[in-house]
Protein chains: 2
Amino acid sequence: MDVSPSSDFNECGSASAKALAAKLAALSHPARIEILKHLSGNRACCCKDVVQQLDLAQSTVSQHLKVLVEAGLVRFSAERQRSLYEIDREALAGISASVAGLVDTCCSSRPA
Amino acid sequence: MDVSPSSDFNECGSASAKALAAKLAALSHPARIEILKHLSGNRACCCKDVVQQLDLAQSTVSQHLKVLVEAGLVRFSAERQRSLYEIDREALAGISASVAGLVDTCCSSRPA
DNA sequence: ATCGTCTATCGTCGATAGACGATGGACGTT
DNA sequence: AACGTCCATCGTCTATCGACGATAGACGAT
């Protein structure tokens, strides 16, 4: 689901605000940012891989991954016994565009 | 506070991750996004103005504004009895750049 | 001086986030 | 079959968020 970069920011759009806020919330945790950076460097990572990188409990990492998946920033695929997580670059780019759109709106609707 | 688009995302960089996460956290609430959009349409707004727009209690709006100010996204200046809040477009642009940098890093460090 | 307005802060409350350990299921290996 | 590995989920705990009403301070107006 794409948040169009510069269309529906015009109206009040509590809906779009909520959608963007939800995605930003998923990004607004240092561990999840680190996870994304780690995922970006590898084709697909299993949970344990991320755990070894982050110095957090496995259950904690699993939850962070779940948050990222539910926000649509990371794709999930179950392999045999492993779970593979892969970064969704398009979704990430969509967020970047949404933020840029918001900033754009805020800068262009300058009053004077 | 620039997060260089492609330098310190290589190392673990928990510091930059925390800084970005903090700013995104300020953005990750629908009411605060709405406040930003409202502020962008006016030169400077007082608290009551935002209250009338948002259908939230005055104390709640005041707290949201405080969050935005502390995150550096909104500038604060005390007038006589009013408090004037003005959007900080540069800071907002900085966040946009940071997010773009993160996404860029995630897309460029593509493995294969 | 008194009243009304605007605002920040305090105190409270419920809900949620974030962390962990423990557990159990699925699967590969021996 | 028995064990080890990987993982998601559950339960728990603490801390924080988000909302509100109430309050008090600052100021203008009367």
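Sequence lines set the chain letters: A, B, ... in the order given, protein chains first and strands last, and positions in each chain run from 1. The shown structure was predicted, so the numbers you read here are calculated from the model rather than taken from an experiment.
Annotation: ring-ring contact (aromatic ring centres under 6.0 Å, His included) contacts involving residues 66-98 of chain B, sequence neighbours excluded, comprise B:Phe76-B:Tyr85. The list of ring-ring contact (aromatic ring centres under 6.0 Å, His included) pairs with a residue in residues 40-70 of chain A, not counting sequence neighbours, reads A:His29-A:His64. Within the structure, the ring-ring contact (aromatic ring centres under 6.0 Å, His included) test picks out no pair touching residues 38-60 of chain A (sequence neighbours left out). Applying the salt bridge (Lys or Arg N to Asp or Glu O under 4.0 Å) test to residues at least two apart or on different chains, none of the pairs has a partner in residues 46-72 of chain A.
For A:Ala91, the side chain to side chain contact (heavy atoms under 4.5 Å, CB included) criterion is met by A:Leu73, A:Asp88, not counting sequence neighbours. Under the rule for a side chain to side chain contact (heavy atoms under 4.5 Å, CB included), the partners of B:Ala57 that lie at least two apart in sequence or sit in another chain are B:Ser59, B:Thr60. With sequence neighbours excluded, the residues forming a side chain to side chain contact (heavy atoms under 4.5 Å, CB included) with A:Val61 are A:Cys47, A:Val50, A:Val51, A:Leu56, A:Leu65, listed by chain and number. Remark: A:Ala21 engages B:Pro30, B:Ile33 in a side chain to side chain contact (heavy atoms under 4.5 Å, CB included) (not counting sequence neighbours).
For A:Ser62 (side chain) and A:Gln58 (main-chain N/O), no donor-acceptor pair under 3.5 Å exists by modelled atom type.
Atom CD of B:Glu79 has more than 12 heavy atoms from other residues, nucleotides or ligands within 6.0 Å.
In this structure, B:His64 does not reach the D:dC17 phosphate: none of its side-chain N or O atoms is under 4.0 Å from OP1 or OP2. The phosphate of D:dT16 has neither OP1 nor OP2 within less than 4.0 Å of any side-chain N or O from A:His29.
The CD-P distance, from B:Glu70 to D:dT16, rounds to 14 Å in whole Å.
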Pick out the pairs of N or O atoms, protein on one side and nucleotides 8-10 of chain D on the other, that lie under 3.5 Å.
{"unit_1": "D:dA8", "atom_1": "OP1", "unit_2": "A:Ser83", "atom_2": "OG", "d": "3.2"}
{"unit_1": "D:dA8", "atom_1": "OP1", "unit_2": "A:Tyr85", "atom_2": "OH", "d": "2.2"}
{"unit_1": "D:dA8", "atom_1": "OP2", "unit_2": "A:Ser62", "atom_2": "OG", "d": "2.8"}
{"unit_1": "D:dA8", "atom_1": "N7", "unit_2": "A:Gln58", "atom_2": "NE2", "d": "3.0"}
{"unit_1": "D:dA8", "atom_1": "N6", "unit_2": "A:Gln58", "atom_2": "OE1", "d": "3.1"}

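Using a 4.0 Å cutoff to heavy atoms of chain A, the contacted part of DNA chain C runs 5' to 3' from C:dG18 to C:dG28.
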Dot-bracket encoding per residue of DNA chain D, Watson-Crick/G-U cut-off under 3.5 Å, | denoting interstrand: ||||||||||||||||||||||||||||||
